[in-house]
Amino acid sequence: MSRLVVVSNRLTDPRKAASGGLAVALGETLKKTGGLWFGWSGNVVPDGTPGEGELNVQQAGAVTLATLDLCQEDHDAYYLGYSNGVLWPVFHYRLDLARFEQGHLGGYRRVNHLFARKLLPLLKEDDLIWIHDYHLIPLAAELRAMGCRNRIGFFLHIPLPPRQLLAAIPSHEWLMRALFSYDLVGFQSNADLENFSNYVKAEASAEATEGNRFHAFNSTVQAGVFPIGIDVNDFLRLGRAKEARDTFERTREEYSRRRLLIGVDRLDYSKGLPQRMRAFRELLVQYPETRHSATLLQVAAPSREDINAYADIQHELESLCGAINGDYGDFDWVPIRYIHRNIARRRLPGLYRACAVALITPLRDGMNLVAKEFIAVQDEADPGVLILSRFAGAAEQLKEALLVNPYDIHSTAQTIQQALQMPLQERQQRHRALLANISKYDVHWWCREYLSALNGVHW
């Protein structure tokens, strides 16, 4: 069996209990082959040299962890500038927030070249290389230029936008050409694959053949859809632990006279949080009986607060929550409980289980695993209802959820009321179907399917 080499912007020690499902799945696969996990350490060296970085290699059981430090200039250009100032907003359909600066592209290319230069000596001839996410799109091209002939796959965890948006990125052809250095490119949804197909056919005159193979730029790449899941059994185990059970009991007791709705997101403009607050306010306007009986618990974990767009969304959200609570709250009832900090992962199963409705309404999302976590821990005898944006990748799988257009505030409010009034039998039927789906297509399925496809690519 070939050794697996995973490359991602950040990595996680698979021995740590706090690791999420992705780290667990990758960690298990890496252990089987005595694999290598390579990525940025998270350390920024203020006076470091651009294009250079200290490599640290350590063992985590059978897994080798190799981490690379970045200097301040490289971090600012590669991570803040291009990855999160250009690719993140454009790939989430927000051209208005993209900051196209030539120096940022140079830093992005420089760091990918650095990753390749540091990774290459660690590789073995038959290694299978799996590269993750938008930070590292050109990494395979850099490795190929240095003589690497290993099988290399790429997985995009965020959405891929339509051709017209991709074409707005300066040097977009170079970026998309880089994908043709991979053997297999994986996407979260059929919509992403369709956008890729439309782009390469229109912009690169690509020839498409059976099995989603595309030939352009004198190279051929296979593409596929591999929707990522969660580790259902592991999340259920987390839900049976003391902290989750205590959280459930305290939450149920505190809100015993209310129907609790929950949203758990990073504070990001892609998550549709202001639209969600407005829909909840519309609920209170349209259905006065929900006043004093429904409370929205919104967790918005801090994210990239050194970027102006994130400060703007934080201020807008705080203003909206304050206005709604001021207009409709009472001395014994607050409509929205807004929490702007991280909640320990081990508490989340208890929170989800205590809630009647989950509001997962991003404006655009690659997948959204919170939706699947909510489903996993519901009481099958009395399950909560999932309201899901049709613009989340998860909507292609979770068809039994109540799907909404988060831009349509009035309709979303009506759907929230539908969820609050849904009969028990319908809730149970929907939950059974949703649970069966996430259990079958879990993170282990995702890992196996992708690696099987990558191993099966033959030219």
Checklist entry - Using the ring of each side chain (for Trp, its six-membered ring), is Phe115 parallel, tilted or perpendicular to Phe38, with breaks at 30° and 60°? => result perpendicular
Checklist entry - How about His172 and Tyr199: are their ring centres within less than 6.0 Å of each other? => result yes
Item to check | Geometric cation-pi criterion Arg257 and Trp333, 6.0 Å radius, 45° cone | outcome: no
Checklist entry - Between the main-chain N or O of His315 and the side-chain N or O of Ser319, is there a donor-acceptor pair closer than 3.5 Å? => result no
Checklist entry - Can Asp265 and Arg276 be counted as an ion pair, charged N to O under 4.0 angstrom? => result yes
Item to check | Presence of salt bridge, Arg163 and Glu203, under 4.0 angstrom | outcome: yes
Next on the checklist: Assess, by modelled atom type and distance only, whether the side chains of Arg364 and Tyr269 contain a donor and an acceptor separated by less than 3.5 Å.
Outcome noted: no
Next on the checklist: Before you tell me yes or no, could you show the steps for Ser8 and Trp37 under side-chain hydrogen bond (donor to acceptor under 3.5 Å, both in side chains), namely the whole-Å CA-CA distance, both residues' side-chain angles and the distance that decides it to 0.1 Å?
Outcome noted: CA-CA 8 Å; Ser8 55; Trp37 199 342; 3.0 Å; yes
Checklist entry - So do Phe235 and Tyr352 actually touch side chain to side chain, heavy atoms under 4.5 Å? => result yes
Next on the checklist: Check the orientation of Trp445 and Tyr441. Use parallel for under 30°, tilted for 30 to 60°, and perpendicular for over 60°.
Outcome noted: perpendicular
Next on the checklist: Run Trp40 and His135 through ring-ring contact (aromatic ring centres under 6.0 Å, His included) and show every step you take.
Outcome noted: CA-CA 11 Å; Trp40 172 39; His135 312 80; 8.7 Å; no
Next on the checklist: Would you call the rings of Trp88 and His92 parallel, tilted or perpendicular, taking 30° and 60° as the class edges?
Outcome noted: tilted
Item to check | Arg345 with Glu373: basic N within carboxylate O range, under 4.0 Å | outcome: yes
Next on the checklist: Looking at every non-hydrogen atom in both residues, tell me the closest pair between Asp74 and Gly51 and how far apart they are.
Outcome noted: OD2-N, 2.7 Å
Checklist entry - With a 4.5 Å limit on heavy-atom distance, are the side chains of Glu396 and Pro227 in contact? => result no
Checklist entry - Do other residues, nucleotides or ligands put more than 12 heavy atoms under 6.0 Å from the CZ atom of Arg291? => result yes
Checklist entry - Aromatic rings Phe155 and Tyr450: how do their planes relate, parallel, tilted or perpendicular, breaks at 30° and 60°? => result perpendicular
Item to check | Taking every non-hydrogen atom, the tightest pair across Leu193 and Ala223 | outcome: CD1-CB, 3.5 Å
Next on the checklist: Taking the basic N atoms (NZ, or NE/NH1/NH2) and the acidic carboxylate oxygens, is any pair closer than 4.0 Å for Lys372 and Asp442?
Outcome noted: no
Next on the checklist: Is it the case that the side chain of Arg99 and the backbone of Val86 share a donor-acceptor pair, with hydrogens and angles ignored and the cut-off at 3.5 Å?
Outcome noted: no
Next on the checklist: Once salt bridge (Lys or Arg N to Asp or Glu O under 4.0 Å) is applied, do any residues pair with Arg94, and if so which ones, sequence neighbours excluded?
Outcome noted: Asp96
Checklist entry - Got more than 12 heavy atoms from elsewhere within 6.0 Å of CZ, Arg390? => result no
Checklist entry - Which word best sums up how the rings of Tyr108 and Trp174 line up, parallel for under 30°, tilted for 30 to 60°, or perpendicular for over 60°? => result perpendicular
Checklist entry - Hey, is Arg250 close enough to Glu254 for a salt bridge, meaning N to O under 4.0 Å? => result no
Checklist entry - Are Tyr310 and Asn84 linked by a side-chain donor-acceptor pair shorter than 3.5 Å? => result no
Next on the checklist: Working note: Glu289 + Gln417, criterion side-chain hydrogen bond (donor to acceptor under 3.5 Å, both in side chains); need CA distance, chi angles, decisive distance, verdict.
Outcome noted: CA-CA 10 Å; Glu289 67 271 22; Gln417 177 68 355; 3.1 Å; yes
Next on the checklist: Could you check whether atom CZ of Arg337 has more than 12 heavy atoms from other residues, nucleotides or ligands sitting under 6.0 Å from it?
Outcome noted: no
Next on the checklist: Under a 3.5 Å threshold, yes or no: a donor from one side chain and an acceptor from the other, between Gln418 and Gln414?
Outcome noted: no
Checklist outcome for this item: Here the pair of heavy atoms bringing Val443 nearest to Asp231 is CG1-N, 3.7 Å
Next on the checklist: As a test of understanding, state which of Phe154, Trp130, Phe196 forms a ring-ring contact (aromatic ring centres under 6.0 Å, His included) with Tyr182.
Outcome noted: Phe154
Checklist entry - Can you check whether Leu359 reaches Ile416 side chain to side chain, under 4.5 Å on heavy atoms? => result yes
Checklist entry - Is there a side-chain hydrogen bond (donor to acceptor under 3.5 Å, both in side chains) between Gln378 and Arg353 once you walk through the steps? => result CA-CA 5 Å; Gln378 291 305 296; Arg353 192 177 177 89; over 6 Å; no
Checklist entry - Does the side chain of Leu420 reach to within under 4.5 Å of the side chain of Thr290, using non-hydrogen atoms? => result yes
Checklist entry - Looking only at side chains, do Glu400 and His431 share a donor and an acceptor under 3.5 Å apart? => result no
Next on the checklist: Quick check: do Asp268 and Ile313 have side-chain heavy atoms less than 4.5 Å from each other?
Outcome noted: no
Checklist entry - With no hydrogens and no angle check, do the side chains of Glu194 and Asn190 hold a donor and an acceptor under 3.5 Å apart? => result no
Checklist entry - Do the side chains of Leu424 and Asp382 get nearer than 4.5 Å, heavy atoms only? => result yes
Checklist entry - Are Leu68 and Glu54 close enough that some pair of their side-chain heavy atoms sits under 4.5 Å apart? => result no
Checklist entry - Is the closest side-chain donor-acceptor distance between Gln275 and Asp408 under 3.5 Å? => result no
